[in-house]
Amino acid sequence: QRKFFVGGNFKMNGSMKLIKEIVDQINAANLDGSTEVIVAPPALYLLQVQEMLKKPVEVSAQNCFTEVSGAFTGEISPNQLKDANVHWVILGHSERRSLFGDTDKLVADKVAAALKADLKIIACIGETLEEREKGVTMQVVERQLDAIAGEVKEADWKDIVIAYEPVWAIGTGKVATVEQAQEVHKDIRQWLSKRVSSAVAESTRIIYGGSVNAKNCGELAGPPDIDGFLVGGASLKPEFLDICKVQH
Ligand code: 13P
C-alpha cells in the first residue's frame, strides 16, 4: 500500500511574512497524516519553516550539491541538510535541468550523495512539449530514470519518490489530462518492475506535477498509478490544503 504524498515546492517565492502565513495555515489545518505532506521553501527559510511546522508535515530542500563540504560557494551539501534535520531534498527539477545545468549525470551524482547522507529524495523527471510532440516521452523519461537508478540500490528505493512533471505543464496552467498522466505513471511503474524489481515497482510512489490545483486534484488523484502530487504555484495559496486533503 503506497501512502499518498503531496509536496509543496515554493520555488524561489515567498518572504518571511508570506511563508509564516502559509505555515500558520498548514498548522491550522490539522492534517491527520493519512497523506504524507512536505513543503519545500527556499533554502534560506528551511529552518524557520521546520521550527514552525507542526508534525506530521516535514520540510524539504529544493536542491543540494554532490560534495560533503569544501570550496563550493553558494551550494549546500546533503550532509549539511541532514545535520540540520532536513530529511528531504528535491533533485532533478526541470528548472534545475533547463536553467542551472543539472544534467542527467549531475542529477544522478546528487542522488548518490543524498542517499549517502541518508536523505529522502523527490526525484523529478519529465519531457518537454517538443519531446512529447515527437513521440519520445518515454525515451526521455527512461533516460532520466536510468541515470538515477544507476545510483540507487534496491533497498534504497524506499527513500525515493518519483515526480513525473511534464515540462509543458509546469507553471503553464496546462495540466496533463488524467489519461496522459496515468499512461506515463503506469509506464514508469512497468519500467521500475523490469529495471529494478516488481516489489520496488509496487511500493514506489510516483507523483504528478504540473499545474495541479484544488479544482483538478480530485480527478488526477483517481487513477491507480498516481500516488500524489508535487505542487508549485498552488502550494503558496490556501488551496494547497485542499490538495493535501484530496480523497484518493
Ligand atoms: P506548478 O504547479 O506551478 O505548475 O509547478 C509544478 C512544479 O514544478 C512543482 O515542482
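Every number for a ligand or one of its atoms is a count from 1 in the order of the listing. Nothing fancy with the numbering, it's 1 onward along the sequence.
- Residues V59 and Y45 have side chains not in contact (no heavy-atom distance under 4.5 Å, counting atoms from C-beta outward).
- Heavy-atom contacts from other residues, nucleotides or ligands closer than 6.0 Å to CD of E219 number 12 or fewer.
- In this structure, A234 has no heavy atom closer than 4.0 Å to ligand 1.
- For ligand 1 and G210, the ligand atoms under 4.0 Å from any heavy atom of the residue are 4 (O), 6 (C).
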Next on the checklist: Evaluate S34 against F4 for side chain to side chain contact (heavy atoms under 4.5 Å, CB included), listing each step before the verdict.
Outcome noted: CA-CA 7 Å; S34 59; F4 208 74; over 6 Å; no
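- With respect to atom 2 (O) of ligand 1, the closest heavy atom belonging to the protein is G232 N, 2.9 Å.
- Taking distance alone, with nitrogen or oxygen atoms compared against 3.5 Å, S211 approaches ligand 1 more closely than that limit.
- The pair R132-E127 meets the salt-bridge criterion, with a side-chain N (NZ, NE, NH1 or NH2) lying under 4.0 Å from an Asp/Glu carboxylate O.
- Atoms of ligand 1 found under 4.0 Å from any heavy atom of N9 (numbered from 1 in listed order, with element): 9 (C), 10 (O).
- No donor-acceptor pair closer than 3.5 Å links the side chain of T204 to the backbone N or O of A201.
- Which parts of ligand 1 touch H93 is read off a 4.0 Å heavy-atom cut-off, strictly below it: atoms 7 (C), 8 (O), 9 (C), 10 (O).
- Heavy-atom separations between A169 and ligand 1 include at least one value shorter than 4.0 Å.
- For the pair I170 and ligand 1, the shortest N or O to N or O distance does not fall below 3.5 Å.
- If you number the atoms of ligand 1 from 1 as listed, the ones under 4.0 Å from a heavy atom of G233 come out as 1 (P), 2 (O), 3 (O).
- Heavy-atom contacts of L230 reach the following atoms of ligand 1: 9 (C), 10 (O) (cutoff under 4.0 Å).
- For ligand 1, the atoms sitting less than 4.0 Å from at least one non-hydrogen atom of K11 are 5 (O), 6 (C), 7 (C), 8 (O), numbered in the order shown with element in parentheses.
- Atoms of ligand 1 found under 4.0 Å from any heavy atom of E165, numbered from 1 in the order shown, are 6 (C), 7 (C), 8 (O), 9 (C), 10 (O).
- Between W191 and Y164, the distance separating the two ring centers is not shorter than 6.0 angstrom.
- At a threshold of 4.0 Å, the pair R189-E202 does not count as salt-bridged, since none of the basic side-chain nitrogens sits closer than that to a carboxylate oxygen.
- For the side-chain contact (heavy atoms from CB on, under 4.5 Å) with L91, the lone residue among I122, D102, I148, V111 that qualifies is V111.
- Electrostatic pairing of K3 and D227 does not count as a salt bridge here, judged by no charged N lying under 4.0 Å from a carboxylate O.
- Shown in contact with G171 at under 4.0 Å from a heavy atom are these atoms of ligand 1, numbered in order with element: 1 (P), 3 (O), 4 (O).
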